[in-house]
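So the structure is just underneath, and the comments pick up after that.
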Protein chains: 2
Amino acid sequence: MSKEELKKVSDSKISKKLKKGEAIFKEGEKLDGVFCVRDGVSKLSKLSENGKNQIVRLASKGEVMGQRAVIAEESTNLSAIAVSDMEVCFIPKEIISNTLDTNPNFAVEVLRHMAHDLREADDVIVNMSQKTVKQRMAEAFLYLRKNYGEDEDGFLTLSLSREDYSNVVGTATESCIRIISEFKKKGFIKTSGKKIGIADERKLLDLIDGF
Amino acid sequence: MSKEELKKVSDSKISKKLKKGEAIFKEGEKLDGVFCVRDGVSKLSKLSENGKNQIVRLASKGEVMGQRAVIAEESTNLSAIAVSDMEVCFIPKEIISNTLDTNPNFAVEVLRHMAHDLREADDVIVNMSQKTVKQRMAEAFLYLRKNYGEDEDGFLTLSLSREDYSNVVGTATESCIRIISEFKKKGFIKTSGKKIGIADERKLLDLIDGF
DNA sequence: TAATAAACCTGACAATTGTCATATATTTAA
DNA sequence: TTAAATATATGACAATTGTCAGGTTTATTA
């Protein structure tokens with residue numbers, strides 16, 4: 001079964017709609033299959049011992065959630081919560097494991113995908129440990145524009161709450177808010193209500209590079 | 001080809017010896033295959049834009065390095081440098097890709113392994129972003145004991161330089177040294193020359209849990 | 001062995017980030 | 001619509017962490 005075939009399977013399934021804030025699955029659960037995002041965006045996060053929440057990655061259209069746990073036959077280490085209204089479909093693990101066992105191409109394709117995820121995770125580790133909160137905030141804005149685009153007025157299509165931002169960059173919500181204020185004052189970004197737009201990409205890039 | 005068979009292949013290869021400090025490969029290189037650690041330990045690290053080095057993980061006996069890049073057909077995102085004298089063997093990428101294409105079991109096995117690495121990477125992300133430097137230092141000591149053991153006097157078998165420690169936990173070398181001094185003064189660890197041993201596991205665990 | 005280099009250590013201080021308290025704005029629900 | 005809940009914002013301060021500038025010790029090598 002190729003990726004395209006799998007997509008067909010997934011398209012034929014009845015998909016589930018979720019409202020912003022609803023959970024698709026929670027950390028520690030056993031998953032009976034994987035979830036494929038048809039529309040909207042989900043945050044994949046993990047609770048640390050001290051009660052703080054860390055958003056490890058975001059998943060949007062076409063991306064699959066839960067495959068790591070299903071493949072490793074473990075309970076999931078992450079929670080998936082909708083950050084916008086969503087439509088997801090479910091693919092039972094039996095289909096996954098059957099296809100894995102019988103079709104080497106599929107396995108290799110999944111493998112490539114996971115190799116890619118792993119590289120991204122490595123990059124996140126380096127960013128988290130070597131960059132300042134301001135630099136991480138700047139990267140978050142650029143990442144969101146690159147991956148989810150902006151509207152006709154130049155505001156990010158995917159709007160996260162301040163708390164979500166703080167959970168992405170790994171900082172206190174207050175610090176996050178302060179940095180947003182500072183960036184706005186300096187003209188790096190613009191805001192309108194809770195919408196945020198990039199006003200000066202160059203300045204953000206300079207900040208990331210340490211200038 | 002099963003994992004055991006692969007091991008046989010690798011064992012039959014002429015292996016290469018490396019002295020502490022030598023590089024197996026460097027960030028950005030194209031790899032013609034993967035490296036299997038037969039003896040010793042290697043650090044897998046990445047340079048961030050600001051010139052700081054981050055150790056993403058350590059690889060020891062039986063572990064494979066470079067598979068992510070070979071599978072994704074990308075240049076490697078990490079450097080591998082020996083932190084002790086080492087013996088590694090090389091498996092050409094042709095063998096890997098042939099085996100991947102023809103043997104679904106092998107692909108699934110590699111997949112499981114990569115799923116495991118990905119989970120660990122997620123955990124590292126959370127640790128890096130949500131824990132203090134002291135907590136991360138405490139975790140590093142416990143991790144090193146768990147994975148590489150201690151000698152008859154209770155000192156960690158794998159002894160890293162202070163700079164390596166700082167690159168593992170993502171902090172300045174001076175901060176790292178100060179924390180080592182503090183832990184020693186408080187009786188959490190003991191030192192002898194550059195050797196470090198765990199003196200009070202309970203206290204370290206309490207610190208990690210925020211007490 | 002002596003000279004040199006590298007690693008380790010410490011103090012002083014600055015910069016960054018977190019915490020707590022509180023105020024305002026916005027959203028949600030009764 | 002009004003009340004309650006939630007999200008956003010800011011000040012004041014403390015705690016953490018980084019930087020620079022020296023030291024000392026340990027390892028390397030000429």
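Letters A, B, ... are given to chains in the order of the sequence lines, protein chains preceding strands, and every chain is numbered from 1.
Between B:Ser42 and B:Met65, some side-chain heavy-atom pair lies under the 4.5 Å cut-off.
Residues from residues 178-200 of chain B placing a heavy atom under 4.0 Å of any atom in DNA chain D, listed by number, are B:Arg178. Within residues 125-136 of chain B, the residues that place at least one heavy atom under 4.0 Å from DNA chain D are, in residue-number order, B:Thr132, B:Val133. Using a 4.0 Å cut-off on heavy atoms, the residues of residues 157-171 of chain A that approach DNA chain D are A:Ser161, A:Arg162, A:Glu163, listed by number.
Between the side chain of B:Glu27 and the backbone N or O of B:Leu47, at least one donor-acceptor pair lies under 3.5 Å. Not a single donor-acceptor pair under 3.5 Å links the side chain of B:Asp164 to the backbone N or O of B:Leu160. Although no hydrogens or angles enter the test, the distance criterion places a donor-acceptor pair under 3.5 Å between the side chain of B:Thr99 and the main chain of B:Ile95. Side-chain atoms of B:Ser192 do not come within 3.5 Å of backbone N or O of B:Lys195 as any donor-acceptor pair.
Of the candidate nucleotides D:dT19, C:dT17, C:dT10, C:dT17 has the atom nearest to the side chain of A:Ser175.
Using modelled atom types and a 3.5 Å distance limit, the side chains of A:Arg38 and A:Ser15 yield a donor-acceptor pair.
No cation-pi contact links A:Lys16 to A:Phe90, judged by a cut-off of 6.0 Å to the six-membered ring centre and 45° from its axis.
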For this session: Could you go through the salt bridge (charged side-chain N to carboxylate O under 4.0 Å, His left out) check for B:Arg68 and B:Glu74 one step at a time?
Result: CA-CA 8 Å; B:Arg68 200 212 57 75; B:Glu74 296 169 355; 3.2 Å; yes

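Spacing between atom NZ of A:Lys19 and atom P of C:dT28 amounts to 11 Å, rounded to whole angstrom units. Across the protein-nucleic acid pair, A:Ile177 atom CD1 and C:dA25 atom C1' stand 12 Å apart, rounded to whole Å.
Of the listed residues (A:Lys20, A:Lys43, A:Glu22, A:Met86), just one forms a side chain to side chain contact (heavy atoms under 4.5 Å, CB included) with A:Ile81, and that residue is A:Lys43.
Separation of atoms CG (A:Leu156) and CG (A:Leu144) is listed at 5.5 Å; rounding is to 0.5 Å.
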